[in-house]
Asker: 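One structure, as structure tokens, below. Some questions next.
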Amino acid sequence: MRLYADSAKCSGCRACMVACSLNLFQESNPKKASLNLIPHFPAPGVYEMKVCTQCGDCAAVCPTEAIKLNERGAYYVDFAECNLCEACVPECPEDVMFVRAELANAAWKCDLCGDCVSVCGTSALWIDN
Amino acid sequence: MNGYGGTILRVNLTDGKITKEPTPAQLARDFIGGRGFGIYFLFKEVPKHVDALGPENKLIISTGPLSGMLAPGGGKCDWTTKSPLTGGYADASMGGHFTAEMKYAGLDTIILEGISPKPVYLFIDNDKIQLLDAAAFWGKGAIDVEVELKHKYGEEYQVAAIGPGGENQVLYACINHDYGRQAGRGGVGAVMGSKKVKAIVLHGTKSVVVADPENYHKAGLALYKACKDAEGLAEWSRYGTTVVTSWCNEVGALPTRNFSAGSFEGIDQINGQAMRKEIVITDKGCFGCPSPCGKYSNMKRYNTQVEGPEYETIGLMGSNLGIADIQVVGEANRLADDMGIDSISAGSCIAWAMECYEKGILTKADTDGLELKFGNADAVFTLIKKIGHREGKLGELLALGVNRASQQVGQGSEKFAIHVKGMEQSAYATHNATAMLLAYMTCDVGAHHNRSWAITYDLQVGREKVVPEKVARIIWLQNFRPMFDVMGSCRLQWVELGIDRDLYVPLLEAITGVKRTWQDLEAVGNRIWTLTRMYWLRENDGFDRQWDLPSPRFYTEPPKTGATAGQITKFEDVQRLLDMYYEQRGWDSHGLPTPATLDTLNLTALVA
Ligand code: SF4
Ligand code: SF4
Ligand code: SF4
């Protein structure tokens, strides 16, 4: 299972990002979300969503094995074991592996909680195999 | 403080001093946020009778407790000031992503004071706050400036900027953000321009603390679920506010040729369907919005893009100018955005000038040679730029707004200047729609539809009927609807999707820790409403019921064509509406809140 995004349907609202930060950190802060929204304005005028494909590349390079599989079959960061080395970040083909020491003392990524899908009003997000 | 950024930021532009104060807990309790904070600071801190474009006026930008949170449409902030257009109270609500960013920077309110000796922009990156030189941006269009500032700082930074219209203090200049969202009405952009602030750049990464995280999560998700389950979601998201265009045409409410009619023969070329088919490229929502009304468009003929046009712009810059071409409306909208002038007021001013021209009151000598006939697209494009730059005789005249312009020109043109209290009427023709007419007459910024929207209600109960229930309905809407501007969220999920407003009660409580029912919230709304009224009469000697009268067009000139042909509201009914309204509000026959009313609302000390 993984998260999918149809950028053409996205309206750039960032509700998914608030929901995501709330799930991961119990905080409202879209800067701490595991999805990424890249607006291209004023031209051509499209939104681009980046989501985790659960490819596992980040987990493969993590020296402390902090990126593990959860019961949903998704890779998640075990915050206690992450040492902020940033090895995972350049490995991610989708740019959705995050390390921002000023914001959190561990790396974070999508753990497939599904809250983003629940709040997206344009059905731009869904979970499937 | 739960649910708040916690800080009031004060920027004195005259001496460059930047100070912070904690947001007073009592202020949060009594006025909640947004427009509540705005009128509180305006009333308390801005001295009586100041020049709206002088150093003593302030521009007050406020978020609310729902701003930036897991709340549908929690992307609204409120810009309050003394209006240079009307000389009274003004607040403009702006969507997009600015308010969330402000909250994440820890700010509930930003107060701009004084006048900068040179053009600057305010740069806020969490606790790093600076005034930076804006010489390189001064003179540029609002869209270009946003592009440049985003390029300089990155996508995570949010920008609000004025265009030439604000710099030149066009009295209805607006503030632009997110390539198409505006703090639109009342001249807030002119005030920003008078202070020589070209833009505000914001970046915030702080989390907002809430009182009850678990119930916050639950209540937030419940609201999103209600929006997503709403029957009207697909239709609304497809057309946004343009969903009403054809309907307004059918019922004779679509402003046409300077409100001389309410139906337009070119409707099929400018309605929501035409827009969707010809120009829309993507939906565009404000922060946290599950039901995006924003439509982003590409006008192939001009090779330009704009967010919009939304219904108001289609009304005022389409049918009201006799323009039957959605690409022209889109391009006019883009020009107005880039100039940084309110498309509603600008459309109304141009329509008035066109009527003057067709009646021979203005001639080519007055229009710098423009053939100012209804339907002339090129003249409209030229004139929008002239207004923004205050260029030429007509650009200078129309920059003053339709009320002042018509007084200058005279010759009976005042009778078809469509405004209340100096603010141009938004896009509902009210020849025979008495509830909506009263809504415009008594709206606390001038003739704007945001506080109460009652045109469907008029049709339900009988449009010409003048009864106490109608008046009560308007008062209820005026107390209740602006509470969304207080909480910092959008009202359209309630208005358009019809979600249960009680769903907001547990959310607001979980965020702030304060339990408030809608009854409590309406009481706050009533208090704020009365305070804005007191501001009008504080600022204007001799303020009385004359100020609440609508444009004579609606009670003297029945439209010749369309669904409302032959219909007007009788002048005695206009007066009866006011009598009933004042009585129900506890105001005297001049429209002034009585001492007893002020006392009941606990306002006596504040207004003393
Ligand atoms: S975060 Fe990136 S690298 Fe890791 S599983 Fe997701 S897509 Fe793959
Ligand atoms: S919630 Fe949906 S529409 Fe909003 S930003 Fe996320 S993917 Fe886009
Ligand atoms: S409905 Fe429109 S104005 Fe309201 S939050 Fe959504 S996009 Fe913004």
Side-chain angles (χ1 to χ4, degrees), chain A residues 5-33 35-50 95-96 98-105 108 113-126, chain B residues 68-75 97 100-101 103-104 126 143-144 146-147 150 155-156 178-180 203-210 213-214 216-217 220-221 223-225 227-228 230 233 237 281-292 294 296-298 303-307 334 493 511:
Chain A
D6 179 353
S7 288
K9 285 190 177 163
C10 172
S11 67
C13 78
R14 295 192 168 91
C16 52
M17 299 170 79
V18 184
C20 182
S21 67
L22 201 55
N23 164 66
L24 271 179
F25 296 100
Q26 291 76 54
E27 291 171 23
S28 290
N29 191 343
K31 307 277 185 326
K32 295 171 87 167
L35 326 73
N36 207 356
L37 169 76
I38 308 165
H40 299 280
F41 287 85
V46 288
Y47 291 104
E48 188 188 347
M49 275 305 295
K50 295 278 196 185
D95 283 331
V96 286
F98 297 91
V99 175
R100 288 176 80 165
E102 80 280 15
L103 292 184
N105 48 19
W108 74 82
C113 76
D115 276 6
C116 56
V117 177
S118 320
V119 296
C120 178
T122 64
S123 310
L125 298 170
W126 67 96
Chain B
M69 308 303 284
L70 190 75
H97 296 258
E101 208 63 39
K103 191 91 166 266
Y104 298 130
N126 288 316
I143 299 172
D144 288 345
E146 182 161 7
V147 171
K150 282 240 176 195
E155 252 321 314
E156 274 198 357
D178 197 27
Y179 305 115
H203 185 235
T205 61
K206 301 179 193 179
S207 300
V208 180
V209 179
V210 301
E214 202 176 307
Y216 162 55
H217 191 200
L221 289 181
L223 262 164
Y224 277 98
K225 183 168 184 327
C227 293
K228 289 179 65 171
L233 178 69
S237 302
I281 49 178
T282 189
D283 298 335
K284 190 162 174 287
C286 299
F287 185 90
C289 179
S291 49
Y296 200 75
S297 299
N298 179 45
N303 191 25
T304 52
Q305 296 80 29
V306 73
E307 180 176 337
R334 186 194 67 86
Q493 290 72 27
I511 289 176

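The figures that follow rest on heavy atoms only: side chains count, while hydrogens, waters and symmetry mates do not. Order of the sequence lines sets the chain letters (A, B, ...), proteins ahead of strands, with each chain counted from 1.
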Asker: Quick check on A:Tyr47 against chain B: is it the side chain, the backbone, both or neither that has a heavy atom closer than 4.5 Å?
Answerer: side chain

Asker: Give a yes or no on whether A:Lys50 atom NZ has more than 12 heavy-atom contacts from other residues, nucleotides or ligands under 6.0 Å away.
Answerer: yes

Asker: Under 4.5 Å from any heavy atom of chain B, what part of A:Lys9 do you find: side chain, backbone, both or neither?
Answerer: neither

Asker: Between A:Leu37, A:Val18, A:Thr122, A:Ile38, which residue shows the highest count of heavy-atom pairs closer than 4.5 Å to chain B?
Answerer: A:Val18

Asker: Considering only heavy atoms and a distance below 4.5 Å, find which of B:His217, B:Lys225, B:Met69 pairs most often with chain A.
Answerer: B:His217

Asker: Run the side chain to side chain contact (heavy atoms under 4.5 Å, CB included) test against B:Val306 and tell me which residues pass, sequence neighbours left out.
Answerer: B:Ser297, B:Met299, B:Asn333, B:Arg334, B:Asp337

Asker: Taking A:Pro30, A:Ala19, A:Gly12 one by one, which has the highest count of heavy-atom pairs under 4.5 Å against chain B?
Answerer: A:Pro30

Asker: Using non-hydrogen atoms only, which part of B:Glu146 is less than 4.5 Å away from chain A: side chain, backbone, both, or neither?
Answerer: neither

Asker: What do you reckon, is CD of B:Glu214 surrounded by more than 12 foreign heavy atoms closer than 6.0 Å?
Answerer: no

Asker: So, taking the atom named NE2 in B:His203 and the one named NZ in A:Lys31, what distance separates them when rounded to the nearest 0.5 Å?
Answerer: 4.5 Å

Asker: Between A:Asn29 (side chain) and B:Thr205 (backbone), is there a donor-acceptor pair under 3.5 Å?
Answerer: yes

Asker: Report the distance from atom CG of A:Asp115 to atom CG of B:Leu70, rounding to the nearest 0.5 Å.
Answerer: 8.0 Å

Asker: If you count heavy-atom pairs under 4.5 Å with chain A, which of B:Ala71, B:Ala100, B:Gly73, B:Gly204 comes out on top?
Answerer: B:Gly204

Asker: Do B:Lys206 and A:Glu27 come within less than 4.5 Å of each other through their side chains, counting heavy atoms only?
Answerer: no

Asker: Establish, yes or no, whether the cationic atom of B:Lys284 lies under 6.0 Å from the six-membered ring centre of A:Phe41 and within 45° of the ring axis.
Answerer: yes

Asker: Would you mind checking which part of B:Leu233 comes under 4.5 Å of any heavy atom in chain A, side chain (CB onward), backbone (N, CA, C, O), both or neither?
Answerer: side chain

Asker: Determine the minimum heavy-atom distance between A:Ala43 and B:Gln305, stating which atoms define it.
Answerer: CB-OE1, 3.7 Å

Asker: Regarding B:Asp283 and A:Ser11, is there a side-chain donor-to-acceptor distance under 3.5 Å anywhere?
Answerer: no

Asker: Can you tell me which portion of B:Cys286 sits under 4.5 Å from chain A's heavy atoms? Options are side chain, backbone, both or neither.
Answerer: backbone

Asker: Testing the basics here: between B:Tyr224 and A:Ser118, what is the closest heavy-atom pair and its distance to 0.1 Å?
Answerer: CB-O, 4.4 Å

Asker: Can you say whether B:Gln493 sits under 4.5 Å from chain A via the side chain, the backbone, both, or neither, judging by heavy atoms?
Answerer: neither

Asker: Given that the side chain runs from C-beta out, which part of B:Phe287 has a heavy atom under 4.5 Å from chain A: side chain, backbone, both or neither?
Answerer: both

Asker: For A:Leu125, what residues pass the side chain to side chain contact (heavy atoms under 4.5 Å, CB included) criterion, not counting sequence neighbours?
Answerer: A:Leu3, A:Ala5, A:Cys16, A:Leu35, A:Met49, A:Val51, A:Cys116, A:Val117, A:Cys120

Asker: Using a cut-off of under 4.5 Å on heavy-atom pairs, state which of A:Ala8, A:Ser28, A:Pro42 scores highest against chain B.
Answerer: A:Pro42

